[in-house]
Amino acid sequence: MDIKKTVDLSWDEFDELRDPRPDANGFDAVVERAISRRGFLGGALAFGSGAAVFGTGVLGSASSARAQASAFGFEPIGIATDYDIHVPAGYRWKPLVRWGDALFSEAEGAYSPETGVSVEMSDKVFGENTDGMETFTHDGHTLLAINSEYVNPKINLPAASEGVPQSADEVTLLKNMQGVTVLEIAEGDDGYAVVIDSPYNRRITHETQMTMDGPAAGADLVKTNADPEGMSPKGTMNNCGSGKTLWGTYLTCEENFNGYFGATGDYEETAGITRYGIGGEGRYAYEKFDSRYDLSAEPNEPNRHGWVTEIDPTDPQSTPVKHTALGRFKHENAEMVQAADGRIVVYMGDDERGEFMYKFVSNGTWAEGQPTDGLLSDGTLYVAKFNDDMSGEWLALTPETTGMPLEEILVFSRLAGSKVGATTMDRPEWIAANPLRAEAYCALTNNKNRGVKPNAGGDETPVGGPNPRETNNFGQIVRWRPEGEDHGAETFTWDLYVMAGNPAVYDNSYAGSENVTEGNMFNSPDGMAFSSDGMLWIQTDGDDSNEGEFAGQGNNQMLVGNPETGEIARFLTAPNGAEVTGLTWSPDGTVAFVGIQHPGGSWPDGAGKPRSSVIAVWREDGAIFG
């Protein structure tokens, strides 16, 4: 594998490179077999109660984007294909923090448009490729915890390196640009800005000391030469989505950790190694300069990553905790809610084609002010099974149901999910729970392999249930309601909130559901969050070529959906090349903070390197956002 080539791949393409099974059929055959759009909508999307029934014609017009203005309080915007941000009339935006911006006085001026940031300053500035984030308040201070998912070596490294680290220092530079940033912000005459030298400002990188808890902590599978006790891993990596605990701490989610490991010698290709796409050469050549990432030296090191990690943003001296009870896979985010009896529930998706959706339910209960010890280390991990009759169940992953020891279930959760017959999903990404009723939504971003070939474990990926289209390049959002309106229940009913598509190109199921029109169409829903008024905000990370089957969809975007009516309106468009990811609000709800990852051109500076950033968006009249 040529590292110079792999750094140019998306993470999905990187996985495909390590999982090269031949395609069974082509897209033309899929289209010929596709059911009609109207016929499909008469089935899965007609499920629901009250106003949450689609196919009503509410959004049946191509001009419906304008018609939705009164429903959402803003005039929906059209697509864009340029290198800028666009928001509705009456709203403004500005960068809040960009890759390379200083967190401390010593790093002010450290960023150069030509050379980026030096290794000496790389852990004292805001990280690269922002992703999930959450807002916290503490003793009158407003704090943001923000993920930095990965790096762009051709942008971040010196030009002479050609995008491949040439030394241990260059590897350190890349390590320091990733992980998590905790920073304080304060509102001034020009809106919110970073508080330089705040005692809360902190960088958490691939080298930060962590600890582990839960049943897999201390197990043989997580022991290494450097940590023979298996309790003290270093670093959190590929931090994608996020979550917030009910007690006010941050949950950062480790996703494509497999790409950081390689081998300089022989290593054993176990079922766990293969299922998680680990082996060969790493994406960033870490293994050539740091034996911790070399499978031939430390075969268990990958098992110490792929967890949900808890960080206390209010205590800069605290040690982050990797919670093994929540399972190990490519975590997108972690959505915490509470069961009717007070137990803690965490919903999670495994973002890879054909993988599963999970939830963790604690054994202990919690109420405001009570201790939190053990709540994320003692409980049961479940995996979802969706039935075609629009019912579903959560299957417990236990030694009895899987035939696996508990520590193996948690370290190799994918293998356990396969053993109990979980439903293979179209890349389950962010999960968001409605604050106004007991229901949750998961963005199934896309899956070109649906109905074409099995997942990495050999599980078939049949068309049906919440994954209704072969060669699914558009994605959909599935919604479920737990039995008895209790998130602790083991059964649920489900429907599809929206099926993304392109009605300007297709007149079958690839046109999308009837709440998708030429005025609001999109592809690849990814990030999601509910605002306090119960509106669902949807962020996309898809094809922004504006060509072929994606013609007329423009750049990636952020939309808002009404869960009751199904209406969806476009609110923001990103610069070409960028993903929109991560959303949180100011404490008073008047400002939204939105992540813009891997932009193209020279955004946002207008010259020099493109810089992933968090932007602030607000209403000009100062009213509550939305």
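In what follows, every heavy atom counts, from backbone to side chain, and hydrogens, waters and symmetry copies are set aside.
Applying the ring-ring contact (aromatic ring centres under 6.0 Å, His included) rule to His598 yields no partners; only residues at least two apart in sequence or on another chain are considered. Checked against ring-ring contact (aromatic ring centres under 6.0 Å, His included), Tyr441 has the following partners two or more places apart in sequence or in another chain: Tyr497, Phe530. Applying the ring-ring contact (aromatic ring centres under 6.0 Å, His included) criterion to Phe360, with sequence neighbours excluded, gives no partner residue. With sequence neighbours excluded, the residues forming a side-chain contact (heavy atoms from CB on, under 4.5 Å) with Lys609 are Trp99, Tyr111, Ile155, listed by chain and number. Among residues two or more places apart in sequence or in another chain, the side-chain contact (heavy atoms from CB on, under 4.5 Å) test is passed with Ala529 by Leu583, Trp585. Every salt bridge (charged side-chain N to carboxylate O under 4.0 Å, His left out) that Asp351 has, sequence neighbours left out, goes to Arg427. With sequence neighbours excluded, the residues that form a salt bridge (charged side-chain N to carboxylate O under 4.0 Å, His left out) with Asp459 are Arg275. Annotation: side-chain contact (heavy atoms from CB on, under 4.5 Å) contacts of Pro88 (sequence neighbours excluded): Phe74, Ile77, Tyr91, Phe571. Residues satisfying the salt bridge (charged side-chain N to carboxylate O under 4.0 Å, His left out) test with Asp426, not counting sequence neighbours, are Arg450. For the side-chain contact (heavy atoms from CB on, under 4.5 Å) test, residues two or more places apart in sequence or in another chain that qualify with Asn333 are Glu335, Trp430, Ile431. When the ring-ring contact (aromatic ring centres under 6.0 Å, His included) test is applied to Phe522, no partner is found at least two apart in sequence or on another chain.
Rounding to the nearest 0.5 Å places CD1 of Ile596 at 9.0 Å from OG1 of Thr581. Here the CG-CD1 distance, from Asn562 to Ile568, works out to 9.5 Å after rounding to the nearest 0.5 Å. Thr424 contributes atom OG1, which lies 12.0 Å from atom CD of Glu352 (distance to the nearest 0.5 angstrom). To the nearest 0.5 angstrom, Phe329 atom CZ is 4.5 Å from Met348 atom CE. The line from CD of Glu470 to CG of Asn449 is 11.5 Å long, rounded to the nearest 0.5 Å. Considering CG of Asn303 and CZ of Phe412, their distance stands at 4.5 Å, rounded to 0.5 Å.
Across all non-hydrogen atoms, the minimal contact from Pro503 to Met521 is CD-SD, 3.7 Å. Summarising the geometry of Pro466 relative to Leu496, their closest heavy-atom pair is O-CD2, 3.8 Å, with the distance given to 0.1 Å. The two residues Ala433 and Val337 come nearest to each other via the heavy atoms CB-CG1, 3.5 Å. Annotation for Thr517 and Glu514: closest pair CG2-O, 4.5 Å, computed over non-hydrogen atoms. Taking both residues in full, the closest heavy atoms of Ala334 and Val346 are given as CB-CG1, 3.8 Å, listed atom of the first, atom of the second, then distance. The shortest non-hydrogen separation linking Val180 to Thr236 is CG2-CG2, 4.5 Å.
Electrostatic pairing of Glu429 and Lys330 does not count as a salt bridge here, judged by no charged N lying under 4.0 Å from a carboxylate O.
For the residue pair Asn147 and Ser242, no side-chain donor N or O sits within less than 3.5 Å of a side-chain acceptor on the partner. In summary, the side chains of Asn555 and Asn576 do present a donor paired with an acceptor at a separation below 3.5 Å, with no hydrogens or angles considered. No side-chain N or O of Glu254 forms a donor-acceptor pair with one of Asn238 less than 3.5 Å apart. A donor-acceptor contact under 3.5 angstrom links the side chains of Asn239 and Thr252, judged on distance only. Side-chain atoms of Gln178 and Glu149 form no donor-acceptor pair, as typed in the model, at a separation below 3.5 Å. When only modelled atom types and interatomic distance are considered, Glu579 and Asn556 share no side-chain donor-acceptor pair under 3.5 Å.
Of the possible donor and acceptor atoms, one in the side chain of Ser613 sits under 3.5 Å from a partner among the backbone N and O of Arg611. Put simply, the side chain of Trp603 never gets that close to the backbone of Pro610: no donor and acceptor are under 3.5 Å apart. Remark: side-chain polar atoms of Thr565 are paired, donor with acceptor, to backbone N or O of Glu567 under 3.5 angstrom. Without hydrogens or angle criteria, Thr445 side chain to Pro525 main chain gives a donor-acceptor distance under 3.5 Å. Side-chain atoms of His86 never come within 3.5 Å of backbone atoms of Asp82 as a donor-acceptor pair (strictly under, hydrogens ignored). Listed for the Asn455 side chain is a donor-acceptor partner under 3.5 Å among the backbone atoms of Gly457. A donor-acceptor pair under 3.5 Å links the side-chain atoms of Gln539 to the main chain of Gly582, judged by distance alone. Put simply, the side chain of Asn523 gets close to the backbone of Asp543: a donor and an acceptor are under 3.5 Å apart. At least one donor-acceptor pair closer than 3.5 Å links the side chain of Asn502 to the backbone N or O of Ala551. For Trp480 (side chain) and Cys442 (main-chain N/O), no donor-acceptor pair under 3.5 Å exists by modelled atom type.
Side-chain contact between Thr81 and Asp544 is absent, with no heavy atoms from C-beta onward closer than 4.5 Å. Between Tyr286 and Phe261 the shortest side-chain heavy-atom distance does not fall below 4.5 Å. Taking the side chain as every heavy atom from C-beta outward, Val151 and Tyr284 approach each other to under 4.5 Å. For the pair Met535/Phe72, a side-chain contact is recorded, criterion being any heavy-atom separation below 4.5 Å from C-beta on. For the pair Leu572/Trp93, no side-chain contact is recorded, criterion being any heavy-atom separation below 4.5 Å from C-beta on. Residues Asn156 and Leu174 form a side-chain contact, since some pair of their non-hydrogen atoms from C-beta on lies under 4.5 Å apart. For the pair Val505 and Tyr510, the minimum side-chain heavy-atom distance is 4.5 Å or more. Residues Tyr150 and Met177 are not in side-chain contact: their nearest non-hydrogen atoms beyond the backbone lie 4.5 Å or more apart.
By the 30° and 60° cut-offs, the orientation of the rings of Trp394 relative to Tyr347 is tilted.
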Stepwise salt bridge (charged side-chain N to carboxylate O under 4.0 Å, His left out) test for Arg98 and Glu128: CA-CA 8 Å; Arg98 305 161 296 181; Glu128 172 69 303; over 6 Å; no
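Sorted by first then second residue, the ring pair (Phe, Tyr, Trp, His ring centres under 6.0 Å) pairs that include residues 448-477, not counting sequence neighbours, are Phe474-Phe550.
Of the listed residues (Glu393, Lys359, Glu490), just one forms a side chain to side chain donor-acceptor pair (under 3.5 Å) with Tyr382, and that residue is Glu490.
Both tests hold for Arg414 against Tyr276: distance to the six-membered ring centre under 6.0 Å, angle to the ring axis within 45°.
For His206 and Tyr260, the distance between ring centers is under 6.0 angstrom.
Within a 6.0 Å radius of NZ in Lys244, more than 12 heavy atoms belonging to other residues, nucleotides or ligands are found.
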